[in-house]
Amino acid sequence: MEARLNLMSNPVAGKALKHIVAAGKALGESTLSDTTRHLVMLRASQINGCAGCIDMHTKDAEHAGETSVRLNLVAAWREATVFTEAERAALEVAEEGTRIADAAGGVSDQVWANAAKHYDEDQLAALLIQVAVINAFNRLNVINQQPAGSYQVGQFD
């Protein structure tokens, strides 16, 4: 399988992608934990069927110290006992924020209120933007038929 376009070398796509990448990097400077961000990015990527992002975020999370047990259970987080209540709240925001059409208008008030119990306003802002950014990357990769499996940690740093 080959990607339809080389997005990084295309002048139009490359210019636009620099801004999306910069937004993602800014979130790494937020007080939302890297662990939570990795879990959220992985879950949204699973929902969207983005193999490239699943490959990347699984490897990045492992490199950051995440366990294979937790990574393997992200898809079934509701039944898994290995996530904190805060992580569960973030995963629920990620799911409803990714499945906008299925969630009847996006993230419900109940899900948002639950997340607000665990995260301050800056962390909620980072969570919201993280969900939006990973969904943008997922859509780009899926539409472009970006192949997966060859990502190396730090490849895009």
Side-chain angles (χ1 to χ4, degrees), residues 1-68 70-75 77 83 86-103 105-107 111-112 115 118-157:
M1 173 184 220
E2 266 190 54
R4 292 175 167 159
L5 296 171
N6 183 332
L7 297 175
M8 298 309 279
S9 68
N10 178 279
V12 173
K15 186 175 181 179
L17 281 172
K18 285 180 187 177
H19 295 287
I20 300 172
V21 168
K25 286 187 179 186
L27 296 172
E29 299 169 9
S30 75
T31 58
L32 184 64
S33 76
D34 287 343
T35 299
T36 299
R37 290 185 333 97
H38 286 303
L39 295 174
V40 163
M41 289 186 287
L42 179 56
R43 186 62 191 127
S45 300
Q46 290 170 336
I47 292 166
N48 289 323
C50 182
C53 288
I54 293 169
D55 182 35
M56 173 188 280
H57 299 301
T58 300
K59 289 174 180 174
D60 285 347
E62 282 180 331
H63 182 75
E66 191 57 79
T67 68
S68 60
R70 284 169 43 95
L71 291 174
N72 290 331
L73 288 172
V74 167
W77 64 267
F83 301 105
E87 290 167 342
R88 297 168 71 74
L91 287 165
E92 193 163 28
V93 168
E95 283 196 2
E96 285 195 4
T98 298
R99 293 181 165 140
I100 292 174
D102 299 342
V107 177
V111 168
W112 188 260
H118 303 283
Y119 301 103
D120 64 28
E121 187 173 306
D122 287 346
Q123 292 167 323
L124 287 169
L127 177 60
L128 172 69
I129 295 166
Q130 186 65 77
V131 171
V133 167
I134 192 58
N135 272 278
F137 276 119
N138 291 165
R139 280 152 177 77
L140 285 166
N141 284 337
V142 170
I143 293 166
N144 196 42
Q145 295 184 347
Q146 192 68 41
S150 62
Y151 174 77
Q152 300 294 315
V153 172
Q155 178 177 338
F156 298 119
D157 290 342

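Atom set for the values below is all heavy atoms of this structure, side chains included, hydrogens, waters and symmetry mates excluded.
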Any [X] side-chain heavy atom under 4.5 Å of [Y] side chain:
| X | Y | answer |
| --- | --- | --- |
| L140 | I20 | yes |
| T36 | Q123 | no |
| E95 | W77 | yes |
| I134 | S45 | yes |
| V74 | F83 | yes |
| H38 | T35 | no |

Mind checking the [atom1]-[atom2] spacing from [X] to [Y]? Nearest 0.5 Å is all I need.
| X | Y | atom1 | atom2 | result |
| --- | --- | --- | --- | --- |
| E92 | E96 | CD | CD | 5.5 Å |
| Y119 | L128 | OH | CG | 13.5 Å |
| I54 | L71 | CD1 | CG | 11.5 Å |
| E2 | Q146 | CD | CD | 10.5 Å |
| L124 | I129 | CG | CD1 | 11.0 Å |
| M56 | N141 | CE | CG | 8.0 Å |

Begin from the C-alpha positions of L39 and L91 and carry the test side chain to side chain contact (heavy atoms under 4.5 Å, CB included) through to its verdict.
CA-CA 7 Å; L39 295 174; L91 287 165; 4.1 Å; yes

Could you list the residues that satisfy salt bridge (Lys or Arg N to Asp or Glu O under 4.0 Å) with D60, not counting sequence neighbours?
none

Donor-acceptor pair, side chain of [X] and main chain of [Y], under 3.5 angstrom:
| X | Y | result |
| --- | --- | --- |
| K15 | N10 | no |
| N144 | L5 | yes |
| D55 | Y151 | yes |

For R70, give me all partners under side-chain hydrogen bond (donor to acceptor under 3.5 Å, both in side chains), at least two apart in sequence or on another chain.
E66, E87

How far apart are the closest heavy atoms of [X] and [Y], and which atoms are they?
| X | Y | value |
| --- | --- | --- |
| A13 | L7 | CB-O, 3.4 Å |
| A89 | A115 | CB-CA, 3.9 Å |
| A3 | P147 | N-CD, 3.8 Å |

Test side-chain contact (heavy atoms from CB on, under 4.5 Å) applied to T98 and N135, N138, V40, the passing residue:
N135

